> 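Structure below; questions to follow.
Note that the numbering runs from 1 along the sequence shown for the chain. What you are looking at is a predicted structure, and each value in this text was computed from that prediction instead of being measured.
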Amino acid sequence: MNGVREHLASRAFTSIAVVIAVLWTTPTLGLLLSSFRPGEEIKTTGWWTVFGAPHLTLDNYGEVLSGGGNGSGRLAEDFANSVVITLPSVLFPLVLAFFAAYALAWIDFRGRDALVVGIFALQVVPLQMALVPLLRLFSQGWLFLPAWNLTGPARFGQVWFAHTVFALPFAVFLLHNFLAGLPRDLIEAARVDGASHGTLLLRIVLPMARPALVSFAIIQFIWVWNDLLVALTLSGGTAETAPMTVRLASLAGTYGNEWQRLTAGAFVAAFVPLLVFFSLRRHFARGLLAGSVKG
């Protein structure tokens, strides 16, 4: 094991990692620079020419956010829709999974191990397979469940439901591994002192589970923020409910020759996930690795 670490820390592997990082980020750099270039220059010259003759402008971002020009932008409204869709889609599974993971880790009941295995197996079911059944549930109902028949902004609830249901297996699995690895002596001592499950959850388990909670929140936030299929299918894709991904897809399909707007819109959409990740990155790796090893 030490030999592997020494090889990975050698100059050769470090150089290879640097080369891969440069090759990986070069297209992104070109996209960023193109978002500040006038449309005429984007169509006639490569992005690297900006270093020799820099002609930069913020008009692309202004048109995308306010819908100027031919009205193909208006990302400001879709930005708000993305926030409305993403925050509840992160908070709902996070809260539900936290309670479920605690129960599976620290409450003994019959069939607990089988339930953990079943939750783990549910992770292999892709969301795309359930879109048609979900649409039928929302429009026609199923068994004793009535039809939702939601219209307008109320259709956000359908998107929240879909993202919450399909995020729960992974969330429960991740949080269960973390909570099961907490010091048993600490939990037992609190129980001996008369602490109820509510006290254990809020005063002991919750502060210690912060890395795992943040890790799942980051993953779920990025997944939902970048989602197109679920938002387009279940929200209807109308102007009052469409997130930024739907608007960007419209830009690519209708105004695909206006590269300056596409590049600017892409970086507007990417700004929030990058901000969330870099703000909480110190908790991310610790939360993902928690529970993978003992001792």
> Nearest 0.5 Å, please: how far is CZ in F221 from CG in N226?
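Going from CG on N226 over to CZ on F221, the span is 9.0 Å.
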> Are L206 and L201 close enough that some pair of their side-chain heavy atoms sits under 4.5 Å apart?
no
> State whether the side chain of S82 and the backbone N or O of M244 hold a donor-acceptor pair below 3.5 Å, judged by distance alone.
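Indeed, once roles are kept as given, a pair shorter than 3.5 Å links the two residues.
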> Taking side chain as C-beta onward, heavy atoms only, is E41 less than 4.5 Å from V50?
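When only atoms from C-beta onward are counted, V50 and E41 do not touch, as no gap falls below 4.5 Å.
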> Once rounded to the nearest 0.5 Å, what's the spacing between atom CH2 of W106 and atom CG of L179?
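Going from the CH2 atom of W106 to the CG atom of L179 covers 8.5 Å.
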> Could you walk me through whether R247 and E77 pass the side chain to side chain contact (heavy atoms under 4.5 Å, CB included) test, one step at a time?
CA-CA 10 Å; R247 177 63 60 182; E77 298 178 11; over 6 Å; no
> Look at the side-chain heavy atoms of Ile, Leu, Val, Met, Phe, Trp and Tyr, link any pair under 4.5 Å apart, and say whether I219 and L228 land in one connected group.
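No, I219 and L228 fall in different hydrophobic clusters.
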> Do you know the tightest heavy-atom contact between V230 and A162?
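Heavy atoms of V230 and A162 come nearest at CG1-CB, 4.1 Å.
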> Do F277 and L32 sit in one hydrophobic cluster, given that two such residues count as connected whenever their side-chain heavy atoms are within less than 4.5 Å of each other, even indirectly?
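Yes.
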> List the steps and the verdict of side chain to side chain contact (heavy atoms under 4.5 Å, CB included) for V22 and T26.
CA-CA 6 Å; V22 171; T26 296; 3.9 Å; yes
> Any chance you could measure L134, atom CG, to L234, atom CG, to the nearest 0.5 Å?
6.0 Å
> Evaluate the side-chain proximity of W48 to L33: yes if any heavy-atom separation is below 4.5 Å, no if none is.
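SC-SC contact between L33 and W48 ruled out.
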> Which pair of heavy atoms, one from M208 and one from L182, lies closest together, and at what distance?
CE-CD2, 3.7 Å
> For the residue pair W160 and L91, establish whether any side-chain heavy-atom pair is separated by less than 4.5 Å.
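Not touching, per the 4.5 Å side-chain cut-off.
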> Describe, in one word, how the ring planes of W225 and F79 are oriented to each other, choosing from parallel (under 30°), tilted (30 to 60°) and perpendicular (over 60°).
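Correct class here is perpendicular.
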> For L200 and R191: C-alpha separation, side-chain torsions, deciding distance, then whether side chain to side chain contact (heavy atoms under 4.5 Å, CB included) applies.
CA-CA 8 Å; L200 285 172; R191 288 177 175 173; 4.0 Å; yes
> Would L58 end up clustered with L56 when hydrophobic side chains under 4.5 Å apart are linked, directly or stepwise?
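Yes.
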> Give the minimum heavy-atom separation between S35 and Y61, together with the two atoms involved.
OG-OH, 2.7 Å
> Is it the case that one hydrophobic cluster holds both I85 and L135, taking links as side-chain heavy atoms less than 4.5 Å apart, direct or via other members?
yes
> Just so I know, are the side chains of L115 and L104 near enough to count as touching, which here means a heavy-atom distance under 4.5 Å?
yes
> With hydrophobic residues grouped by side-chain heavy-atom distances under 4.5 Å, do V90 and F278 end up in a single group?
yes
> Using modelled atom types only, decide if a donor and an acceptor are shared between the side chain of R112 and the backbone of I107 within a distance under 3.5 Å.
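Between the backbone of I107 and the side chain of R112 there is a qualifying donor-acceptor contact (under 3.5 Å).
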> Which atoms form the tightest heavy-atom contact between L175 and L94, and what is the distance?
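Closest heavy-atom pair between L175 and L94: CD1-O, 4.3 Å.
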> Does the side chain of H176 come within less than 4.5 Å of I119's, by heavy atoms?
no
> Check the pair R37 / T263 against side-chain hydrogen bond (donor to acceptor under 3.5 Å, both in side chains), numbers first and verdict last.
CA-CA 10 Å; R37 302 179 67 208; T263 54; over 6 Å; no
> Find out whether R155 and E240 are in side-chain contact, i.e. whether some heavy atom of one side chain is under 4.5 Å from a heavy atom of the other.
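Of all side-chain heavy-atom pairs linking E240 with R155, none is under 4.5 Å.
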> Ignoring hydrogens and angles, tell me if any N or O in the side chain of S34 forms a donor-acceptor pair with the backbone of W47 under 3.5 Å.
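Not at all, since once roles are kept as given, no pair shorter than 3.5 Å links the two residues.
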> Got more than 12 heavy atoms from elsewhere within 6.0 Å of CH2, W223?
no
> For residues 197-207, which residue pairs qualify under side chain to side chain donor-acceptor pair (under 3.5 Å), counting only residues two or more places apart or in two chains?
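Only Y102-H197, S196-T199 qualify under side chain to side chain donor-acceptor pair (under 3.5 Å).
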> Taking C-beta and beyond as the side chain, do L96 and V172 meet within less than 4.5 Å on heavy atoms?
no
> Minimum heavy-atom separation for D227 and T245, please, with both atom names.
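Minimum heavy-atom separation between D227 and T245: O-OG1, 2.7 Å.
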> Is it the case that the side chain of T164 and the backbone of F161 share a donor-acceptor pair, with hydrogens and angles ignored and the cut-off at 3.5 Å?
no
> Please indicate whether R136 has more than 12 foreign heavy atoms, meaning atoms of other residues, nucleotides or ligands, lying under 6.0 Å from its CZ.
no
> From Q123 CD over to L174 CG, what is the distance, rounded to the nearest 0.5 angstrom?
9.0 Å
> Nearest 0.5 Å, what's the CG-CG distance between L262 and N60?
10.5 Å
> Looking at every heavy atom in both P93 and P88, which two are closest together, and how far apart are they?
CD-O, 4.0 Å
> Hey, could you give me the CZ/CZ distance between F216 and F173, rounded to the nearest 0.5 Å?
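Here the interatomic distance stands at 13.5 Å.
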